[in-house]
2 protein chains.
Amino acid sequence: MTSHPAALDDLDRKIVAALVANARTSFAEIGAAIGLSAPAVKRRVDRMREAEVITGFTTMVSPSALGWRTEAYVEVYCDSAAPPRRLAEVVRDHPEITAAMTVTGGADALLHIRAEDIQHFEEVLERIRAEPFIDKTISYIVLSHLLSDSAEAGASPATPADETNRR
Amino acid sequence: MTSHPAALDDLDRKIVAALVANARTSFAEIGAAIGLSAPAVKRRVDRMREAEVITGFTTMVSPSALGWRTEAYVEVYCDSAAPPRRLAEVVRDHPEITAAMTVTGGADALLHIRAEDIQHFEEVLERIRAEPFIDKTISYIVLSHLLSDSAEAGASPATPADETNRR
DNA sequence: GTTGAAAAGTGGCAGAG
DNA sequence: CTCTGCCACTTTTCAAC
């Protein structure tokens with residue numbers, strides 16, 4: 001990876017926090033809040049994008065509004081000679097899989113799945129289980145969210161340095 | 001919930017897709033791509049924000065760049081009389097918990113946790129297990145991502161209607 | 001950090017569906 | 001009546017200095 005030391009200072013972290021809260025905040029507004037001019041903020045943002053500290057800007061959408069009303073996590077168990085590379089291919093073939101990762105523990109991988117409803121989820125699960133090297137799966141259907149993560153991927157609690165700012 | 005039928009048409013879905021891909025895309029650019037003027041796009045975005053189809057704009061940040069190099073999912077088992085409301089409070093007290101939800105299966109809840117490193121994660125886990133009504137936890141430490149979810153929260157595979165557009 | 005030109009955002013208004 | 005494009009006017013971006 002091209003991850004330079006990057007050395008973010010406090011101003012950088014405040015800029016990131018502002019942009020995570022609202023990716024469309026103007027540089028001028030961010031600058032006013034932290035005592036910097038708009039171009040200065042832009043230069044820092046450009047630098048952080050270059051350093052891949054900031055990997056992109058996205059929009060949070062209510063999944064249910066788009067018709068995805070069922071969410072689940074699925075543990076996947078593969079047979080002994082399961083190549084992780086092969087798993088990555090499979091994962092890309094099912095559009096309902098929104099995240100996939102290898103994990104410690106008994107399971108080989110953990111999938112995050114979004115489906116229209118339970119019927120659709122069952123169909124997805126059957127499709128995944130039909131893969132030759134998959135031995136078994138264990139599903140955890142999400143009932144309700146206790147913490148509405150702002151944007152699960154980008155969201156990080158705070159900065160390791162300062163544990164003070166809890167939301 | 002105030003979820004109106006909302007009835008998104010094809011243009012709305014294309015606008016959402018464009019904004020999910022890049023929340024800072026100009027309305028003019030989106031309009032040019034779908035055959036609409038900039039103000040027309042803005043009107044639709046405003047309407048979708050009002051209807052809470054679009055819940056916000058955020059920035060994707062490399063967690064490791066901010067010092068969060070350890071990621072894990074933790075199953076939480078509570079004692080019989082565990083009130084979910086109480087769990088929600090606890091979850092908010094630990095800034096390292098980036099997502100929490102109740103799930104089907106043996107466990108009562110599933111937590112997504114980000115920590116600086118394994119040592120930090122262990123400390124967080126001990127803190128959580130110290131809660132009086134938590135019986136046990138099972139941790140799945142994330143080793144590597146097979147699918148780099150654009151932004152896990154907002155990301156949805158495609159529209160249930162058209163299963164054709166797979167990335 | 002400041003300046004200035006180009007681009008984007010935003011609200012009013014009239015017309016088409 | 002809703003949605004659109006057009007037109008001013010304001011704000012923001014961005015590449016100079």
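Chain identifiers are assigned alphabetically (A, B, ...) following the order of the sequence lines, protein sequences preceding nucleic acid strands; residue numbering begins at 1 within each chain.
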Undergrad: Between side-chain atoms of residues 133-141 of chain B and protein atoms elsewhere (two or more places apart, or another chain), which donor-acceptor pairs fall under 3.5 Å?
TA:
{"unit_1": "B:T137", "atom_1": "OG1", "unit_2": "B:R129", "atom_2": "NH1", "d": "3.1"}
{"unit_1": "B:Y140", "atom_1": "OH", "unit_2": "A:E75", "atom_2": "OE2", "d": "2.6"}
{"unit_1": "B:Y140", "atom_1": "OH", "unit_2": "B:E75", "atom_2": "OE2", "d": "3.2"}

Undergrad: Taking NZ, NE, NH1 and NH2 as the nitrogens, is one of them in A:R114 or A:E96 under 4.0 Å from a carboxylate oxygen of the other?
TA: no

Undergrad: Looking at residues at least two apart in the chain, or sitting in another chain, which of them share a side chain to side chain contact (heavy atoms under 4.5 Å, CB included) with A:L11?
TA: A:D9, A:I34, A:L36, A:R44

Undergrad: Rounded to the nearest Å, what distance is computed from the CG atom of residue A:L36 to the P atom of nucleotide D:dT12?
TA: 16 Å

Undergrad: In whole angstroms, how far is the P atom of D:dC3 from the CD atom of B:E50?
TA: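 Result: 13 Å.
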
Undergrad: Which residues satisfy the side chain to side chain contact (heavy atoms under 4.5 Å, CB included) test with A:A88, sequence neighbours excluded?
TA: A:R92, B:L146

Undergrad: Whole angstrom is fine here: how far is it from CG in B:L11 over to P in D:dT2?
TA: 19 Å

Undergrad: Going 5' to 3' through nucleotides 6-17 of chain C, assign each nucleotide B (protein heavy atom under 4.0 Å from a base atom), S (under 4.0 Å only from sugar-phosphate atoms) or - (no protein heavy atom that close).
TA: --SSSBB-----

Undergrad: Within this structure, what is the CD1-to-P distance between A:I30 and C:dG1, rounded to whole angstrom?
TA: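 Value for this atom pair: 14 Å.
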
Undergrad: Could you note down all residue pairs passing salt bridge (Lys or Arg N to Asp or Glu O under 4.0 Å) where residues 18-43 of chain A supplies at least one of them, sequence neighbours left out?
TA: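 As it turns out, the salt bridge (Lys or Arg N to Asp or Glu O under 4.0 Å) pairs with a partner in residues 18-43 of chain A, which skip direct neighbours, are A:K42-A:D46.
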
Undergrad: Can you list everything that forms a side chain to side chain contact (heavy atoms under 4.5 Å, CB included) with A:A38? Sequence neighbours excluded, please.
TA: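 Only A:F27, A:A28 meet the side chain to side chain contact (heavy atoms under 4.5 Å, CB included) criterion with A:A38.
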
Undergrad: Could you check whether B:G35 gets within reach of a base, just the sugar-phosphate, or nothing at all, counting any heavy atom under 4.0 Å?
TA: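 Touches sugar-phosphate only.
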
